[in-house]
Amino acid sequence: MRNVSILIFLFFVSGISLVSGQQSEIYTHNLSDFDNAVVLFKNKQYQSAQILFERIKHETKNQDTQADCAYFIGICAIRLNQNNADELIERFVTDYPTSSKQNQAYIEVAQYYFEQGKFPQALAYFDKVDESALTYEQTEKFTFQKGYAYFTAGNKKEAGNYFNKVLNSKEFGSQAKYYLGFMAYEGDNYKEADKYFKQVEGEEKYADKLSYFKADMHFKLGEFQKAIDAGIAAMPKSNASEKSELNKIIGESYFNLQQYDKALPYLSAYKGKKGKWNNTDFYQLGYTYYQQKDYENAILQFNKIIEGKDFVAQNGYYHLGECYFKTNKKQQALNAFKSASEMDFDKKIQEDANLNYAKLSYEMGNSYQAVPDVLTSFLNKYPSSPSKNEIETLLINSYITSKNYAAALTLLEKNNTAENKVAYQKVTFYRGVELYTDGKYQEALAMFKKSIATPRNEKFTARATFWKAETEYVLDNFNEALLSFKQFEGYSQAASTPEFKNINYNIAYAHFKLKEFEQAGNYFQKFIDSSKDDKVRLNDAYLRLGDSRFVTSKYWPAMDAYNKAIEMKGIDADYAAFQKALSYGFVSRRDKKIEDFTKFLQNFKTSQYRDDALFELGNTYVTENKTDLAIKTYDQLLTEFKNGSFASKAILRQGLVYYNAQNDDLAIAKFKKVAAEYPRTPEALEAVSTARLIYMDNGKVDDYAAWVRTLDFVEISDAELDNDTYEAAEKQFLQNNTKQAISSLSGYVAKFPNGIHALKANFYLAQSYFTDGLETNAIPNYEYVISKPRNEFTEQALARLCEIHLKKNDYSKAVPVLQRLETEADFPQNVTFAQANLMRAFYEQKDYGNSVVYAEKVLANPKTDNKIKSDAQIIVARAAIQVNDEVKARAAYAKLLTIAKGELAAEALYYDAYFKNKDGKYEESNKAVQKLAKEYSGYKYFGAKGLIVMAKNYYQLKDNFSATSILESVIKNFATYEDVVTNAQTELDSIKAEISKTNSSITN
């Protein structure tokens, strides 16, 4: 049996040899090609090797050779980075599952990617390797490389598992320990990290890195001196990025050791993360400067802390406030303390910031909220504060200094204690003056009465009494005004008030309005005797003294007063000259009257009294029987003032002159002219009546009747009924029985629409409706009056119609009536009224060109008071803003600033700041905003707009904190003003976008 087995074995061996011999003979050339391909592969000529392997694979029938070729083709593809390399390897694995090179294929691909630094691709192939099939040498390399691949992928757990397997490896042990230490360091496990780092610190290649890590670890462990020592040691061996971080570690370590002088150079040398600092970085450098008392540099750093909502930010803002305060930048300090006070990370800092914010609000003003609110808020929040008494005193004073009287009054009326009575009296007084300035007279009167009713300070009681009188005067309550003025005069403190110097003038006017002309004259004389500096009032006092004496028939004293006014060459010199000439007629000096009126006509070519003078001169010539000169003078009047108020009277007078001279034909011609051109006027009625006498005298009754029938305002048959009906209605009107007058007059107008008294009846009916508050009902009757030729009621009717349309804001109807009033009015106050309201009406209709034309007319009038001048200047300014005429707007707002009060002053101040910002005068612009906040804090809209300008100023001045904190406060505190908030948000977004380029704490 043994021999048989041997034979079988020998046969088997012989068979193999036979087959091998046959293959060797057939494939010798092919195997030579395969060997050549392997040589090319080993020489890294992958492209040539791959081509040769592909040809051999295609030509051979041997599966092992095909498998080997497929393996090498895939490996070449990997080496050549061909797109289908993965597919080739996967195809090799799929097509030749029994190939011995399958595991090796995965290893080689994985290690190739690893060496190329393509760790994700390497890890993908490492995962496919059958680790159990690896040799010992392969296992160490594979384990380390797979661990490192996991490390780069951020999978520290798996990385740690693999690194731990090669800790004792001679080749990879030190690297594994280094990376295990590094992962522990990154995980803040400094004890573990130190253990591994110590095992490799003797190796030169890790020395540089380990010194940086040690510095950082010591710092994070709070071992600041060790961190400093390690950091300084590491500095020379570090790259730029590491040096920046080491500067931060060393600087912050010195900072924590409170060695600020040593910290400064290192903190300054820090470059930030990717070129950006965060709020903590800015805080530490800022605080370091602060400790060195270098407040300007501290400010530069602290104000870069933006959007801070943590302990660091609160500290930063608080110390920023201190730095600003120490450098006398109190407005900026206010903003910084405000921000610190709104955070509660440190309660003590919050309280102190609140205290400083409250004090600075009192001193500087506060645009965000009323100063009394700020002070009251502090007292409510910190009732046991050691500063309580100080703040309570400031609270009382703030009611006056902040000028936010409306808000102050609200607070005082909620806490109207005995201690607050002094403040209450002052606040009600100043609020009254504010309301008076704004034209809210009834509300002002109520305030003055409240002030008087709280008599804690006689000086304020006296002043409130004076302004109560002023208000009563404006409201036409002249008796009450006179009584109040005299009460004011009786106070012992009155003489020390600014109002006292004009008291005689005011009392005089009250008497004058009450038609108590004797007393009025005496008080005007008292004022003249005691006041020589106020030229405007002095000139007016002479005029009114003259009027008072004139009315009481004391013509020579009247002329003396008028002469004084003429000598002053002031406003209304033409009026004084007219009145003086008129006075000569009353002392039977008609020659002087004629002489003075003649001089008047020569000297005052454009006077509004010129038509009066011509009419008076004509009348005087008639009295002197100089009828030719009278006719000539009346003709001059009709030439110069064809549509004037004296036109109908002048023609009538001419007719009467001819009638008295028995020149009937000329007289009749004049009378007919009056009746035809001025129907329904009193002159027309007199002309018809006088013409009737001429016709009767000449026996031409039929001619008279034929003529009268052509006149629609004379109804012969109904004349008696017409007169009776009218007289009954007029009686009710004259007796102020308004409702009965309305009933009777409307009855007359309905029955006699073209009656003899239709003009007067329509006017009286309109007046009655107006008095009774039925203003809309009055419109048709006033329109009837103004539709007729110029008459004695035209001007009054035009003025009333204007009032009605303006009250309804119906500018389209108001404008044409105002334009007529402007051109037809005899009273200068009506001309001023028309021009001022045309100015407003055109502005409201967005007709800015005409609004400016009328505003300039108003400003050119020397008699315009400051309130109307303010209105005119604001119209010019606003219109200029609307049409982008910045030059005119600047000039107008600058003029407005010199005369305006209240809200207009606030608006002018805002634009003062606005234009200074545009001119790059940022500090001056801020001063204007500060004044706006302090003196006009009640006008929140312009205060909020001013804050946006201030923010823009601060941004240009490199004060990022102030700029952003102001804008954020505007957005938070002024939500009711949508346009302001939108503007603030736009500015804030723009500023933050710029700041975010250097501050990593900013989210934009």
Side-chain angles (χ1 to χ4, degrees), residues 475-480 512-517 551-552 645-646 648-649 652-653 656 671 674-675 678-693 708 711-804 807 825-827 830:
L475 292 170
D476 295 341
N477 299 327
F478 302 119
N479 279 312
E480 292 89 340
F512 192 84
K513 288 292 185 178
L514 289 167
K515 297 183 171 29
E516 296 169 353
F517 297 112
V551 172
T552 54
S645 58
F646 291 105
S648 59
K649 294 179 177 64
L652 177 65
R653 287 299 180 104
L656 292 172
F671 293 144
V674 174
Y678 306 95
R680 298 178 186 80
T681 62
E683 290 77 24
L685 296 174
E686 186 176 351
V688 171
S689 177
T690 308
R692 177 177 175 276
L693 296 176
V708 168
L711 306 176
D712 62 4
F713 62 92
V714 178
E715 300 177 27
I716 299 175
S717 59
D718 294 332
E720 190 172 336
L721 178 60
D722 183 317
N723 284 323
D724 290 344
T725 304
Y726 174 73
E727 286 173 11
E730 183 185 50
K731 183 178 180 181
Q732 298 298 327
F733 176 80
L734 295 175
Q735 290 178 349
N736 293 321
N737 298 326
T738 305
K739 294 194 182 298
Q740 295 92 323
I742 289 172
S743 176
S744 300
L745 288 166
S746 58
Y748 173 84
V749 168
K751 191 170 185 179
F752 301 101
N754 298 312
I756 299 169
H757 306 285
L759 179 68
K760 189 179 286 188
N762 272 283
F763 179 72
Y764 286 167
L765 178 56
Q767 291 287 80
S768 300
Y769 278 135
F770 191 91
T771 301
D772 206 35
L774 303 171
E775 297 171 352
T776 302
N777 291 5
I779 292 174
N781 303 101
Y782 282 132
E783 288 179 339
Y784 177 90
V785 174
I786 67 171
S787 70
K788 302 305 175 187
R790 178 69 183 267
N791 56 76
E792 63 182 304
F793 306 118
T794 301
E795 185 170 346
Q796 246 184 307
L798 285 168
R800 286 294 198 203
L801 262 180
C802 291
E803 283 185 58
I804 294 168
K807 192 176 287 187
D826 289 325
F827 291 98
N830 279 335

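Below, all heavy atoms of this structure are taken into account, side chains as well, without hydrogens, waters or symmetry copies.
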Short side-chain to backbone donor-acceptor contact, [X] and [Y], under 3.5 Å:
X	Y	value
Glu683	Val674	no
Thr771	Gln767	yes
Asp772	Leu774	no

Review point. In a check of side-chain contact (heavy atoms from CB on, under 4.5 Å) between Leu765 and each of Ser746, Ser743, Ser744, which one passes?
Key: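 Single side-chain contact (heavy atoms from CB on, under 4.5 Å) partner of Leu765 among Ser746, Ser743, Ser744: Ser746.
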
Side chains of [X] and [Y] in contact at under 4.5 Å (non-hydrogen atoms):
X	Y	result
Gln740	Gln735	no
Pro682	Glu792	yes
Thr776	Tyr769	no
Asn762	Lys788	no

Quick check for you: to the nearest 0.5 Å, what is the distance between [X] atom [atom1] and [Y] atom [atom2]?
X	Y	atom1	atom2	answer
Gln796	Leu801	CD	CG	12.0 Å
Asn830	Leu798	CG	CG	9.0 Å
Glu516	Thr552	CD	OG1	13.0 Å
Gln732	Leu745	CD	CG	9.0 Å
Leu685	Leu652	CG	CG	10.5 Å
Leu759	His757	CG	NE2	11.5 Å

Check your understanding: Honestly, is Arg800 close enough over Phe770, meaning NZ or CZ under 6.0 Å from the six-membered ring centre and within 45° of the axis?
Key ->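 Yes, Arg800 lies over the aromatic ring of Phe770.
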
Exercise for review: Report the C-alpha separation of Glu686 and Leu656 in whole Å, then their side-chain angles, then the decisive distance to 0.1 Å, and conclude whether the side-chain contact (heavy atoms from CB on, under 4.5 Å) test is met.
Suggested key: CA-CA 10 Å; Glu686 186 176 351; Leu656 292 172; 3.9 Å; yes

Considering all heavy atoms of both residues, which atom of [X] and which atom of [Y] are nearest to each other, and what is their separation?
X	Y	result
Thr794	Pro789	OG1-O, 4.1 Å
Tyr726	Tyr764	OH-CE1, 3.3 Å
Phe733	Ser768	CD1-OG, 3.3 Å
Asp826	Arg790	OD2-NH2, 3.0 Å
Tyr784	Ala758	OH-CB, 3.4 Å

Practice item. Please report the C-alpha distance between Ile804 and Tyr782 in whole Å, then the side-chain angles of each, then the deciding distance to 0.1 Å, and finally whether the side-chain contact (heavy atoms from CB on, under 4.5 Å) criterion is met. Key: CA-CA 11 Å; Ile804 294 168; Tyr782 282 132; 4.1 Å; yes

Exercise for review: Take the angle between the ring planes of Phe793 and Phe763 and call it parallel below 30°, perpendicular above 60°, tilted in between.
Suggested key: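 Parallel.
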
Practice item. Show your working on side-chain contact (heavy atoms from CB on, under 4.5 Å) between Glu730 and Lys760 and close with a plain yes or no. Key: CA-CA 9 Å; Glu730 183 185 50; Lys760 189 179 286 188; 3.7 Å; yes

